[in-house]
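This report refers to the structure that appears directly beneath it.
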Amino acid sequence: YSADYPGEIRRIMKEKFGGDHGFLTGPCGNIIMREKAEWIPLQPGGGVTCMLPTSKMKAENDCFKEANRIAGSLVEYIEKNLPNSSEYCDIKTLDNQLIEFKLELRSDLCSDSEVANKECQKIQDDLLINRNNYTLAKVKELVDKANFYGAHRYFNNGYVTKEDYRNGFITINIPSFKINDLIFQGMPGETFWETGLPIRRWANNNNIPLVTFSFANGSTLYLPTDEERPFGDYEVAFTLCREGEITKLSNEILNCGKQI
């Protein structure tokens with residue numbers, strides 16, 4: 001996402017202050033420059049979607065201009081609120097660690113993309129014919145299932161290998177680093193903010209300075225909390241892990257923060 005506002009912030013900060021600058025995100029999401037579009041009526045044969053439609057910016061380079069505008073506003077705020085020189089301190093210690101975590105795969109994943117695609121199409125065909133006869137809750141359930149099967153074109157295109165299917169899990173990394181007494185605790189994938197609550201509560205109760213950040217590095221897709229699973233929607237349809245895994249991941253993130 002070099003064209004988006006984090007990259008622009010780093011560029012502007014370097015121009016103003018010199019040196020190199022990092023940008024840590026909170027719970028990840030798609031930050032490409034898009035505009036919200038109007039709902040498009042579903043036409044016969046038009047497929048099924050449960051996502052709010054978006055459209056590209058209308059003019060050439062609008063994405064870059066919008067990223068620059070957002071970045072400029074944020075840098076202006078940063079500049080106005082920089083600490084006094086007396087508040088800075090030297091880096092005396094620097095520690096880091098990278099812990100592996102085995103994320104168990106959900107049991108309804110399909111290793112054969114063609115089979116998954118047929119299941120998706122079957123549900124779509126059913127909805128196009130019978131959606132007016134179903135309750136809204138039933139329609140949502142079927143749309144979520146169609147989106148899940150449709151997502152296998154991503155799942156089986158590098159996210160989950162044949163060996164992963166045999167093992168029943170994928171291995172992800174949990175990074176931590178510490179500068180003096182300040183802990184930076186990473187959360188892999190596109191996580192919900194609740195995943196970091198246990199470690200934030202621990203740090204708050206023990207007066208430990210902490211920054212949590214996430215990184216969607218293309219390896220794990222979405223990681224909705226177990227509390228969110230029953231509600232379905234996009235993130236649940238596009239998750240690889242089985243129920244209970246994110247609670248375990250949240251606890252492991254807490255342990256990582258305590259160990260660093």
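Since we're looking at a predicted model, the values are computed, not measured.
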- Donor-acceptor pair, Glu119 side chain versus Ala146 backbone, under 3.5 Å? no
- Task: Not counting sequence neighbours, which residues clear side chain to side chain contact (heavy atoms under 4.5 Å, CB included) with Gln121? List them please.
- Result: Gln124, Asp125
- Rounded to the nearest 0.5 angstrom, the CG-NZ distance for Leu94 and Lys178 is 11.5 Å
- Item | Backbone N/O of Lys122 and side chain of Asp126: donor-acceptor pair under 3.5 Å | no
- Message: To the nearest 0.5 Å, what is the distance between CG on Leu103 and CG on Asp164?
- Response: 10.5 Å
- Item | Reported CG-to-OG1 distance for the pair Leu105 and Thr239, which is rounded to 0.5 angstrom | 9.5 Å
- Message: For Phe231, is there any backbone N or O sitting under 3.5 Å from a side-chain donor or acceptor partner on Lys140?
- Response: yes
- Between Tyr222 and Tyr234, is the gap from one ring center to the other below 6.0 Å? yes
- Message: Do Phe148 and Phe155 make a side-chain contact, defined as non-hydrogen atoms from C-beta onward lying under 4.5 Å apart?
- Response: yes
- Query: Does any non-hydrogen side-chain atom of Ser176 lie less than 4.5 Å from one of Asn96?
  - Reply: no
- How far apart are the C-alpha atoms of His21 and Ile9, what are their side-chain angles, what is the distance that settles it, and do they pass the side chain to side chain contact (heavy atoms under 4.5 Å, CB included) test? CA-CA 9 Å; His21 302 265; Ile9 288 176; over 6 Å; no
- Query: Heavy atoms, side chains only, cut-off 4.5 Å: are Ile170 and Thr220 in contact?
  - Reply: yes
- Task: With sequence neighbours left out, write down each residue that passes ring-ring contact (aromatic ring centres under 6.0 Å, His included) with Phe184, or none if nothing qualifies.
- Result: Phe177
- What heavy-atom pair brings Ala67 and Tyr5 nearest, and what distance separates the two atoms? O-CB, 3.6 Å
Acceptor/donor pairs from residues 80-88 side chains to any protein atom, 3.5 angstrom cut, sequence neighbours excluded:
unit_1, atom_1, unit_2, atom_2, d
Lys80, NZ, Glu76, OE2, 3.3
Asn81, ND2, Tyr77, O, 2.7
Glu87, OE2, Asn84, N, 2.9

- Item | Residues forming a side-chain hydrogen bond (donor to acceptor under 3.5 Å, both in side chains) with Asn156, sequence neighbours excluded | Ser113, Tyr165
- First locate atom CD of Glu190, then atom CZ of Phe238, and finally report the distance between them rounded to the nearest 0.5 Å. 11.0 Å
- For Lys102, side chain to side chain contact (heavy atoms under 4.5 Å, CB included) partners two or more places apart: Phe169, Thr171
- State, with a plain yes or no, whether a side-chain heavy atom of Leu98 is found less than 4.5 Å away from one of Ile174. no
- Item | same_hphob_cluster(Ile129, Leu136) at 4.5 Å side-chain heavy-atom cutoff | no
- Task: Sequence neighbours left out, what pairs pass salt bridge (Lys or Arg N to Asp or Glu O under 4.0 Å) with at least one residue falling in residues 12-22?
- Result: Arg11-Glu15, Lys14-Asp20, Lys16-Glu79
- Task: Locate the shortest heavy-atom distance separating Asp144 from Gly232; write the atom from each residue and the value.
- Result: OD2-CA, 3.5 Å
- Message: Would a single hydrophobic cluster contain both Ile123 and Val236, if residues Ile, Leu, Val, Met, Phe, Trp and Tyr are joined by side-chain heavy-atom contacts under 4.5 Å?
- Response: no
- Message: A quick test of your reading: do over 12 heavy atoms of other residues, nucleotides or ligands sit less than 6.0 Å from OH of Tyr134?
- Response: yes
- Taking all non-hydrogen atoms of both residues into account, name the closest pair between Gln185 and Pro175 and its distance. NE2-O, 3.1 Å
Side-chain donor-acceptor pairs of residues 248-260 under 3.5 Å, sequence neighbours excluded:
unit_1, atom_1, unit_2, atom_2, d
Lys248, NZ, Glu245, OE2, 2.7
Ser250, OG, Thr195, O, 2.7
Asn251, ND2, Thr247, O, 3.3
Asn255, ND2, Asn251, O, 3.4

- Query: With sequence neighbours excluded, what pairs up with Asp108 under the salt bridge (Lys or Arg N to Asp or Glu O under 4.0 Å) test?
  - Reply: Arg106
- Rounding to 0.5 Å, atoms CG (Leu127) and NZ (Lys138) come to a distance of 9.5 Å
- Distance-minimising heavy-atom pair for Ser214 and Thr191: CB-OG1, 3.7 Å
- Note on the structure: Sorted by chain and residue number, the side-chain hydrogen bond (donor to acceptor under 3.5 Å, both in side chains) partners of Arg69 (sequence neighbours excluded) come out as Glu66
- Query: Between Gly189 and Leu223, which heavy-atom pair has the shortest distance, and what is it?
  - Reply: CA-CD1, 4.2 Å
- Note on the structure: Residues at least two apart in sequence or cross-chain that pass salt bridge (Lys or Arg N to Asp or Glu O under 4.0 Å) with Arg229, listed by chain then number, are none
- Query: At what distance, to the nearest 0.5 angstrom, does NE2 of His152 lie from CG of Leu240?
  - Reply: 8.5 Å
- Side-chain heavy-atom pair Phe192, Glu228 within 4.5 angstrom cut-off: yes
- Query: Do Phe213 and Leu182 share a hydrophobic cluster (ILVMFWY, side-chain heavy atoms under 4.5 Å, transitive)?
  - Reply: yes
- Query: Can you tell me if Asn180 uses its side chain to pair, donor with acceptor, with the backbone of Lys92 under 3.5 Å?
  - Reply: yes
Anything under 3.5 Å between a donor and an acceptor, one on a side chain of residues 197-210, the other on a protein residue two or more places apart or in another chain? List them.
unit_1, atom_1, unit_2, atom_2, d
Arg200, NH1, Thr212, OG1, 3.1
Asn205, ND2, Arg201, O, 3.2
Asn206, ND2, Trp202, O, 2.7

- Could I get the full list of side chain to side chain contact (heavy atoms under 4.5 Å, CB included) partners for Asp112, not counting sequence neighbours? Cys110, Glu114, Val115
